[in-house]
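Notes follow once the structure below has been shown.
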There are 2 protein chains.
Amino acid sequence: MTRPVTTAGAPAVKVLPEPADLPAPLPEPGIDELRLETVLGALSDPLRLTIVRKLLLESEDFDHSCGWFGLDRPKSSLTHHFRALREAGITRQRQYGLERRSHVRVEDLDARFPGLLDLVAAWTPQG
Amino acid sequence: MTRPVTTAGAPAVKVLPEPADLPAPLPEPGIDELRLETVLGALSDPLRLTIVRKLLLESEDFDHSCGWFGLDRPKSSLTHHFRALREAGITRQRQYGLERRSHVRVEDLDARFPGLLDLVAAWTPQG
DNA sequence: CATGCAGTACGATTTGAGTCGTACTGATTG
DNA sequence: CAATCAGTACGACTCAAATCGTACTGCATG
């Protein structure tokens, strides 16, 4: 298993050192609305695979804004892909002032599609 | 693990016996050419998910021809989807006389993308 | 309050996938 | 060898997704 474990065991306390009242997440499918074909479709794009993998491997408990990824695409393209991930139920997005930060819905995805995120974490582009 | 290992309930009669020397498989990617994004893309279609799942759960050691699935689509559409699966590396196809039979490349996929086929086997349409 | 900045909205364009009808191929069998 | 049958090839159509430029919104900070 290569994916870093964020919360080992049973965390009774909220881990993220975020403000107690987080901004409400943008609209997203509920855990029981997650559809395998939709999730796989969203992950069938190399750029989105890059985004999710980077979130899985390099995000240190914090959400990340669009710019953090260093993706060489116009902003409108990034909006498109981040929305695709959110609407498929793969990421959750919250508005923090100017920034719209994303993180992977690890718990939900592990519950519904166990093993899937490990495949994403193990993915490497172009090889 | 829900995916069946091999012959669960013994088939009464071996309806389609295979010759000792199998026909050569149709062109397909090698195991080291399998790409996660391509595989996920091929599996992001409900009809193809249905095909692969049915092969995983109901095929008793034998390959199956197009007609076995009982899919209510024109033949040219089926050709399209079966080719998509083969070219993504998910199925292997062999020509048996008139019929072109398919089976899932379980070993290859389990080796490259462990857990993926379990997700497919657990999938249910429309729910 | 004015400026700047993160990101969206909208629309145009392009590309690729799904769908399917029709004509075809190639093996099987009478 | 002719009929049949499984499946393909080809092409047309449709639709959704990717891409991206430009204009916009709304928060933030001086």
Side-chain angles (χ1 to χ4, degrees), chain A residues 19 21-28 35 37-52 62-88 90-103 125, chain B residues 15-19 21-28 35 37-52 62-88 90-103 125:
Chain A
D21 46 355
L22 296 126
L26 300 186
E28 66 181 25
R35 302 258 50 212
E37 58 270 37
T38 307
V39 169
L40 296 187
L43 291 176
S44 69
D45 179 281
L47 183 64
R48 292 197 288 257
L49 225 29
T50 302
I51 291 171
V52 177
F62 304 117
D63 299 1
H64 290 282
S65 70
C66 222
W68 175 76
F69 296 87
L71 300 166
D72 189 22
R73 302 286 179 98
K75 293 190 297 177
S76 50
S77 296
L78 297 183
T79 295
H80 171 72
H81 287 293
F82 277 93
R83 182 177 45 206
L85 287 172
R86 174 172 52 84
E87 290 182 346
I90 297 172
T91 57
R92 174 165 296 142
Q93 288 185 290
R94 287 194 168 92
Q95 193 81 30
Y96 288 82
L98 278 182
E99 296 177 348
R100 178 165 295 194
R101 300 191 203 157
S102 303
H103 71 270
Chain B
V15 180
L16 296 173
E18 302 186 5
D21 48 358
L22 301 106
L26 300 185
E28 67 181 24
R35 304 259 49 216
E37 58 270 37
T38 307
V39 170
L40 296 187
L43 291 176
S44 68
D45 180 280
L47 183 64
R48 292 197 289 259
L49 225 29
T50 302
I51 292 171
V52 177
F62 305 117
D63 300 0
H64 290 282
S65 72
C66 223
W68 175 77
F69 296 88
L71 301 166
D72 188 22
R73 303 286 179 97
K75 293 190 295 177
S76 51
S77 296
L78 297 183
T79 296
H80 170 72
H81 288 292
F82 277 94
R83 182 177 45 206
L85 286 172
R86 174 172 51 82
E87 291 181 346
I90 297 172
T91 56
R92 174 165 295 141
Q93 288 186 290
R94 286 195 168 91
Q95 192 80 32
Y96 288 82
L98 279 182
E99 297 178 348
R100 178 165 295 194
R101 300 188 204 161
S102 303
H103 70 270

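If you measure from atom CD of A/Glu99 to atom P of D/dT29, you get 11 Å, rounded to the nearest angstrom. Rounded to whole Å, atom P of D/dG7 lies 13 Å from atom OH of B/Tyr96. Regarding B/Gln93, its CD atom lies at a distance of 16 Å from the P atom of D/dA6, rounded to whole Å. Distance B/Trp68 CH2 to D/dG7 P: 13 Å, rounded to the nearest Å.
Rounded to the nearest 0.5 Å, atoms CZ (A/Phe82) and CD1 (A/Ile51) are 4.0 Å apart. Note that NE2 of A/His103 is 5.0 Å distant from CZ of A/Arg92, once rounded to the nearest 0.5 Å.
B/Arg94 and B/Pro23 make their closest contact through NE-O, 2.7 Å (heavy atoms, listed as atom of the first residue, atom of the second, distance). Closest heavy-atom contact between A/Val39 and A/Ala88: CG2-O, 3.6 Å. The shortest non-hydrogen separation linking B/Ser65 to B/Arg101 is N-CG, 3.9 Å. B/Pro27 and B/Arg86 make their closest contact through O-NH1, 2.7 Å (heavy atoms, listed as atom of the first residue, atom of the second, distance).
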Which atom pairs, one a donor and one an acceptor, fall under 3.5 Å between side chains of residues 40-49 of chain B and the rest of the protein, sequence neighbours left out?
{"unit_1": "B/Ser44", "atom_1": "OG", "unit_2": "B/Gly41", "atom_2": "O", "d": "2.7"}
{"unit_1": "B/Asp45", "atom_1": "OD1", "unit_2": "B/Leu47", "atom_2": "N", "d": "2.8"}
{"unit_1": "B/Asp45", "atom_1": "OD1", "unit_2": "B/Arg48", "atom_2": "N", "d": "3.2"}
{"unit_1": "B/Arg48", "atom_1": "NE", "unit_2": "B/Ala42", "atom_2": "O", "d": "2.7"}
{"unit_1": "B/Arg48", "atom_1": "NH1", "unit_2": "B/His81", "atom_2": "ND1", "d": "3.1"}

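Near DNA chain C, defined here as any heavy-atom distance below 4.0 Å, there are no residues from residues 42-49 of chain A. Taking a 4.0 Å limit (strictly below) on heavy-atom distances, residues 74-84 of chain B reaches DNA chain C at B/Pro74, B/Ser76, B/Ser77, B/His80, B/His81.
Along DNA chain D, the nucleotide closest to A/Leu98 and the one closest to A/Gly41 are compared, and the more 5′ of them pairs with A/Gly41.
Annotation: side-chain contact (heavy atoms from CB on, under 4.5 Å) contacts of A/Thr79 (sequence neighbours excluded): none. Partners of B/Arg100 according to the side-chain contact (heavy atoms from CB on, under 4.5 Å) rule, which considers only residues two or more places apart in sequence or in another chain, are B/Leu26, B/Gln93, B/Gln95.
Protein chain B contacts DNA chain C from C/dG18 to C/dT28, reading 5' to 3' and using non-hydrogen atoms of the protein with a distance under 4.0 Å.
At a threshold of 4.5 Å between non-hydrogen side-chain atoms, the residues B/Glu37 and A/Pro125 do not count as touching.
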